[in-house]
S.K.: 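One structure follows; several queries about it will come next.
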Amino acid sequence: MGRFRNSHLRPGVIAAVAALALDQASKLWLLFVFDIARRGAVAVTPFFDLVLAWNVGISFGWFQNDSQFAQISLMIIKAVAVIVLAIWMARSRTLLATIALGLIIGGAIGNGIDRFAYGAVVDFALFHLQIGGNTYNWYVFNLADVAIVAGVAALLYDSFLGVPAAKAP
């Protein structure tokens, strides 16, 4: 057990718990307090709306399928991914990578909770631009997605631009 311990594990776990808590709190508030389903699209700024979208697929709405087999398969894949990421986080050698992995884990668990509780992931944030009379929309997303993307970006940074590992003698 000692070989899996590192001095950065606590911040990674904190990042995972924070990402999960913020994600679930925002979704619960939007669904049950703000009642986004009844309100429909709510313009927050000229380029950002709150909308309710149920994502039965994976990232960016790919592979949309609401069958029970597909949902169970996605839950199993997500559980395996979280376990693999947790092992990676426990073995991580840099603080940035550990926090990044924590963000990814927290986001994945947050979206997994949605899939288990509602049969789909709750997405609600929509950025859009109006150019020349045409509206261009980004994918609808949630805070778990933000944590996952931030975690992946931080992992990439750490892999390519972070402190290089010490060379063996």
Side-chain angles (χ1 to χ4, degrees), residues 1-31 44-45 47-51 53-63 71 73-118 120-129 136-169:
M1 177 74 177
R3 69 187 177 115
F4 294 109
R5 299 178 76 108
N6 72 41
S7 62
H8 306 298
L9 191 55
R10 178 174 281 164
V13 171
I14 291 169
V17 170
L20 173 61
L22 289 171
D23 172 65
Q24 288 298 297
S26 66
K27 291 171 182 173
L28 290 170
W29 183 81
L30 283 163
L31 287 172
V44 178
T45 70
F47 57 87
F48 177 73
D49 296 345
L50 293 174
V51 300
W54 296 100
N55 183 357
V56 295
I58 60 171
S59 298
F60 306 112
W62 295 346
F63 307 116
Q71 294 305 308
S73 297
L74 287 173
M75 288 284 294
I76 291 169
I77 290 167
K78 190 165 288 212
V80 169
V82 165
I83 291 167
V84 169
L85 290 168
I87 292 168
W88 184 5
M89 184 173 76
R91 294 179 176 179
S92 174
R93 297 192 186 273
T94 68
L95 178 61
L96 182 59
T98 304
I99 291 171
L101 289 161
L103 289 172
I104 297 168
I105 289 167
I109 292 172
N111 282 342
I113 289 171
D114 290 3
R115 195 168 300 284
F116 180 77
Y118 311 115
V121 174
V122 178
D123 288 328
F124 59 83
L126 174 64
F127 283 102
H128 52 84
L129 289 173
Y136 299 94
N137 295 313
W138 186 246
Y139 297 98
V140 182
F141 61 96
N142 59 45
L143 293 183
D145 300 332
V146 172
I148 292 168
V149 169
V152 169
L155 275 179
L156 289 171
Y157 176 85
D158 188 60
S159 295
F160 294 115
L161 303 172
V163 177
K167 293 186 179 187

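Just so it is clear, the structure is predicted and the values come from calculations on it, not from any experiment.
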S.K.: Measure the NZ-CD1 distance between Lys78 and Ile113 for me, rounded to the nearest 0.5 Å.
M.R.: 10.5 Å
S.K.: Rounded at 0.5 Å granularity, tell me how far CG in Leu126 sits from CZ in Phe141.
M.R.: 8.0 Å
S.K.: Sequence neighbours excluded, which residues qualify as side-chain contact (heavy atoms from CB on, under 4.5 Å) partners of Ala154?
M.R.: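 Only Leu96, Ala100 meet the side-chain contact (heavy atoms from CB on, under 4.5 Å) criterion with Ala154.
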S.K.: Search all heavy atoms of Gly107 against all heavy atoms of Ile148 and return the closest pair with its distance.
M.R.: C-CD1, 3.7 Å
S.K.: At what distance, to the nearest 0.5 angstrom, does CG of Leu143 lie from CD of Gln24?
M.R.: 10.5 Å
S.K.: Looking at residues at least two apart in the chain, or sitting in another chain, which of them share a side-chain contact (heavy atoms from CB on, under 4.5 Å) with Ala147?
M.R.: Ala19, Leu103
S.K.: To the nearest 0.5 Å, what is the distance between CG (Leu85) and CD1 (Ile104)?
M.R.: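 Output value for this atom pair is 6.0 Å.
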S.K.: Which heavy atom of Ala108 sits nearest to which heavy atom of Val82, and what is that distance?
M.R.: CB-CG2, 3.8 Å
S.K.: Consider side-chain contact (heavy atoms from CB on, under 4.5 Å). Of Val51, Leu50, Asn142, Val122, which one does Leu30 pass it with?
M.R.: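 By the side-chain contact (heavy atoms from CB on, under 4.5 Å) criterion, Leu30 pairs with just one of Val51, Leu50, Asn142, Val122: Leu50.
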S.K.: Going by ring-ring contact (aromatic ring centres under 6.0 Å, His included), name the residues that satisfy it together with Tyr118, two or more places apart in sequence or in a different chain.
M.R.: Trp54
S.K.: State which residues pass side chain to side chain donor-acceptor pair (under 3.5 Å) with Asp23; sequence neighbours excluded, sorted by chain then number.
M.R.: Lys27
S.K.: Which atom pair, heavy atoms only, marks the closest approach of Asp49 to Thr45?
M.R.: OD1-O, 4.0 Å
S.K.: Under the side-chain contact (heavy atoms from CB on, under 4.5 Å) test, which residues partner Leu156, sequence neighbours left out?
M.R.: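 Result, side-chain contact (heavy atoms from CB on, under 4.5 Å) vs Leu156: Val152, Phe160.
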S.K.: Check side-chain contact (heavy atoms from CB on, under 4.5 Å) between Val13 and all other residues, then give those that pass, not counting sequence neighbours.
M.R.: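 Scan of Val13 (side-chain contact (heavy atoms from CB on, under 4.5 Å), adjacent residues dropped) gives Leu9, Val17, Met89.
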S.K.: Can you list everything that forms a ring-ring contact (aromatic ring centres under 6.0 Å, His included) with Phe48? Sequence neighbours excluded, please.
M.R.: Phe127
S.K.: Find the distance between CG (Asn111) and CG (Asp123) and round it off to the nearest 0.5 Å.
M.R.: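 Taking CG in Asn111 and CG in Asp123, the distance rounds to 7.0 Å.
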S.K.: Begin with the C-alpha distance, continue with both residues' side-chain angles, and end with the deciding distance and a verdict on side chain to side chain contact (heavy atoms under 4.5 Å, CB included) for Leu155 and Trp88.
M.R.: CA-CA 12 Å; Leu155 275 179; Trp88 184 5; 3.8 Å; yes
S.K.: Could you tell me whether the side chain of Ser26 and the main chain of Leu22 form a donor-acceptor pair under 3.5 Å?
M.R.: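 The answer is yes, because a donor-acceptor pair under 3.5 Å joins these two groups.
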S.K.: Please list all pairs passing the salt bridge (Lys or Arg N to Asp or Glu O under 4.0 Å) test where one or both residues lie in residues 137-149, with sequence neighbours left out.
M.R.: none
